[in-house]
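Convention: sequence-line order gives letters A, B, ...; per-chain numbering from 1. Bear in mind the structure is a predicted one, so any value in this text is a computation, not a measurement. Heavy atoms only: backbone and side chains are in, while hydrogens, waters and symmetry mates are out.
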There are 2 protein chains.
Amino acid sequence: MTRPTMEDVAAHAGVSRALVSIVYRDVPGASDATRARVLAAGAELGYRPDHRARLLGRQRTRLIGVTFDVRGAFHGDLIESLYPEAESLGYDLTLSAVTAARPESQAIQSLLDYRCEALILLGPTSTPSSLAALAESQPTVVVARKVRAPGVHVVRTDDDAGARLAVEHLLSLGHTHIAHIDGGRAPGAAERRTAYRNTMRRAGLTPLIIPGGPTESTGTAAAHHIPADTTAVTAFNDGCAIGLLHALHQSGRQVPENLSLTGYDNTPAAALPHANLTTVAQDAHQLTKLAIIALTQDVPTTEQTVSPVLITRGSTMRR
Amino acid sequence: MTRPTMEDVAAHAGVSRALVSIVYRDVPGASDATRARVLAAGAELGYRPDHRARLLGRQRTRLIGVTFDVRGAFHGDLIESLYPEAESLGYDLTLSAVTAARPESQAIQSLLDYRCEALILLGPTSTPSSLAALAESQPTVVVARKVRAPGVHVVRTDDDAGARLAVEHLLSLGHTHIAHIDGGRAPGAAERRTAYRNTMRRAGLTPLIIPGGPTESTGTAAAHHIPADTTAVTAFNDGCAIGLLHALHQSGRQVPENLSLTGYDNTPAAALPHANLTTVAQDAHQLTKLAIIALTQDVPTTEQTVSPVLITRGSTMRR
DNA sequence: AGCGATGACTAGAGCGCTCTAGTAGGGACG
DNA sequence: CGTCCCTACTAGAGCGCTCTAGTCATCGCT
């Protein structure tokens with residue numbers, strides 16, 4: 001009835017419990033023949049090592065705790081590439097969700113109760129000082145959020161490069177009157193705004209920054225402030241771009257025929273056929289790779305940025 | 001350097017380790033005064049019980065394993081309400097993600113390695129027979145998917161009622177020519193189709209079922225087959241509805257002025273202002289509540305359905 | 001005064017692993 | 001033939017808890 005233990009496998013294979021442990025940990029100390037015999041005995045009994053006991057017995061848990069927000073679509077992508085990345089370095093992952101009723105602090109605490117060796121926080125909202133305190137007890141890396149906290153690793157997308165990518169794409173399509181819908185005080189807005197401005201200036205063009213924000217309604221509102229001679233717009237993010245798209249549609253201005261438009265983040269909504277938005281995507285794979293390396297190779301604490309990539313869809317066309 | 005253990009707290013409070021355990025488990029056997037003193041000592045040392053050891057020492061782990069798909073938006077909602085539900089019954093939750101590279105079988109296996117007492121599978125894709133095998137070793141509940149497997153609890157939304165809700169909403173708005181875009185062989189399609197047909201017949205109206213599917217493109221394709229005298233449409237799901245919405249927009253047919261439209265699932269896309277779709281939502285809270293009860297109260301194995309609710313937005317109007 | 005309850009607390013044996021410190025049994029080598 | 005070294009294996013002490021089976025006062029009651 002109860003699940004077989006290492007003891008049972010040992011008895012069944014006619015060896016000591018320690019040998020079974022050696023075999024299942026795949027460390028030297030057993031002959032190939034015995035190894036096969038033990039594994040066969042284990043398989044026959046349907047044995048699977050008890051993860052709890054394993055964690056407890058080991059001095060190093062090789063457990064990485066991950067907090068994520070169930071509402072953030074992008075976090076799914078990150079978790080997806082986190083698993084193989086951690087596994088390849090022999091680490092295990094344990095997830096802890098942040099929800100409306102379960103604050104980040106609680107999610108983190110539960111990970112610590114499992115004695116995780118290291119922490120990966122996806123887009124955390126904790127204060128820099130509490131993050132710094134966390135990092136004192138175990139390596140901690142913040143992904144996809146710009147924070148400055150001593151001892152905390154940060155891995156994020158290079159928003160500067162992302163914004164430049166969007167502008168240069170429009171430039172290469174022959175656009176010269178390109179406006180930018182600003183993100184206000186949203187994270188990343190400052191970097192994107194500055195990059196837009198610099199890229200325009202470098203091309204000898206006049207930047208035009210229109211107030212906006214991260215939500216659809218801000219995009220809708222910004223539509224009225226786009227000059228008639230503007231032929232292209234880089235929006236702060238996909239939400240903003242989609243709001244703008246909607247407003248343009250209402251007023252009979254066609255995208256991309258009359259106005260080319262880029263978003264940012266490559267959210268699922270941007271990929272929908274009726275939006276079909278050219279946008280800037282974060283490289284989840286690279287972000288997680290750097291995050292795991294930062295934790296396991298104990299590199300000096302730094303902020304690392306990952307280059308975004310441009311996803312060209314149907315909302316931009318040649319002038 | 002190393003985290004304090006129960007031993008440390010005991011020494012600091014001048015009691016035995018067993019007493020500390022009693023206090024932290026909050027079971028009878030300690031005086032109020034001692035309780036306070038132990039708790040104070042623990043707080044002073046920054047003590048937190050080691051969850052691994054706790055799980056190992058206990059005969060009942062009180063651990064519920066949950067598999068979810070990182071791609072499914074609705075799973076986030078379920079997880080969100082799962083946490084408080086489990087906690088209120090004294091259970092802990094551990095999550096295991098299903099991704100493109102991490103099959104469901106692996107996600108489940110890792111939960112079993114933690115010796116979870118029970119399993120909640122969100123929209124699993126495993127075969128009924130493998131689910132039945134799972135259920136033999138521990139209580140197992142499948143959420144949001146219709147499967148018939150012996151020993152497996154199923155908690156899902158009543159699609160029959162959902163479809164009826166949509167049709168009756170349109171009827172109450174005075175519509176009589178209501179078409180249904182079918183979901184083909186997608187899960188839930190058969191129930192929704194039948195419910196649509198029955199509700200129409202009961203109202204003395206003629207049902208009209210147009211072939212479709214679960215994706216946007218199927219909705220777009222279905223647009224051509226909607227008769228001119230049709231004033232309302234219930235689409236299989238939100239994706240289908242949005243594809244249809246897009247096609248109607250192109251052809252100059254206004255929603256809801258010329259055609260009322262309902263979706264199904266209440267996906268985030270349905271809530272976006274330019275879709276603004278009246279749709280049928282699943283009751284995540286109720287689903288998880290039933291799931292947890294099924295596991296912890298060991299009710300007889302059954303399929304339980306939860307009533308959906310209609311989310312009225314701007315895509316439907318009075319005839 | 002004697003006796004069983006009751007309440008507060010402790011000793012110590014697990015839980016199922018890991019891992020250090022060993023032992024046994026061959027070769028290889030001088 | 002004795003020594004040295006491997007390799008293959010075992011004994012047993014943890015890891016940090018839980019929980020059963022106590023011990024020891026104290027108290028109410030006849």
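Scanning atom types as modelled, one donor and one acceptor separated by under 3.5 angstrom connect the side chain of A:Arg17 and the base of D:dG12.
Remark: A:Asp113 does not engage B:Arg52 in a salt bridge, criterion side-chain N to carboxylate O under 4.0 Å. The pair B:Arg62-B:Glu117 does not count as a salt bridge, with every side-chain nitrogen at least 4.0 angstrom from each carboxylate oxygen. By the 4.0 Å N-to-carboxylate-O rule, B:Glu303 lies too far from B:Arg148 to be salt-bridged with it.
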Are there any protein N/O atoms within less than 3.5 Å of an N/O atom in nucleotides 6-9 of chain C, and if so, which ones and at what distance?
| from | atom 1 | to | atom 2 | distance (Å) |
| --- | --- | --- | --- | --- |
| C:dC9 | OP1 | B:Thr34 | OG1 | 2.8 |
| C:dC9 | OP2 | B:Ser31 | N | 3.0 |
| C:dC9 | OP2 | B:Ser31 | OG | 3.4 |
| C:dC9 | OP2 | B:Thr34 | OG1 | 3.0 |

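Across the protein-nucleic acid pair, B:Arg58 atom CZ and D:dT20 atom P stand 14 Å apart, rounded to whole Å. With rounding to whole Å, A:His51 atom NE2 is found 17 Å from C:dC15 atom C1'. The distance between atom CZ of A:Arg3 and atom P of C:dG16, rounded to the nearest whole Å, is 11 Å. Look at CZ on A:Arg48: it is 15 Å from C1' on C:dC17, rounded to the nearest Å. If you measure from atom CG of A:Asp8 to atom P of C:dC15, you get 11 Å, rounded to the nearest angstrom. Rounded to whole Å, the distance from OH on A:Tyr114 to C1' on D:dC17 is 14 Å. To the nearest angstrom, P of C:dG16 lies 15 Å from CG of B:Leu63. Look at CG on A:Leu55: it is 12 Å from P on C:dC19, rounded to the nearest Å.
In this model, the phosphate group of C:dC17 is approached by a side-chain N or O of A:Tyr47 to a distance below 4.0 Å at OP1 or OP2. Contact annotation: A:Arg54 reaches the phosphate of C:dT18 (side-chain N/O to OP1 or OP2, under 4.0 Å). Phosphate contact (OP1/OP2 of C:dC15, side-chain N/O of B:Gln59, threshold under 4.0 Å): absent. Taking only side-chain nitrogens and oxygens, A:Arg25 comes nearer than 4.0 Å to OP1 or OP2 of C:dC19. Using a 4.0 Å cut-off, some side-chain N or O of B:Ser21 falls inside it from OP1 or OP2 of D:dT18.
At the heavy-atom level, A:Glu7 lies nowhere under 4.0 Å from the strands shown.
When the nearest nucleotides of DNA chain C are assigned to A:Ala18 and A:Thr5 by heavy-atom distance, the more 5′-ward of the two goes with A:Thr5. Between B:Gly14 and A:Arg60, the residue whose closest nucleotide on DNA chain C is further toward the 5' end is B:Gly14.
Checking side-chain atoms of B:Arg102 against main-chain N and O of B:Ser96 turns up no donor-acceptor pair under 3.5 Å.
No side-chain N or O of B:Thr5 forms a donor-acceptor pair with one of B:Arg17 less than 3.5 Å apart.
The shortest non-hydrogen separation linking B:Tyr24 to B:Pro49 is CD2-CG, 3.9 Å.
Residue B:Gln282 forms a side chain to side chain donor-acceptor pair (under 3.5 Å) with just one option from B:Asp159, B:Thr157, B:Asp77, and that option is B:Thr157.
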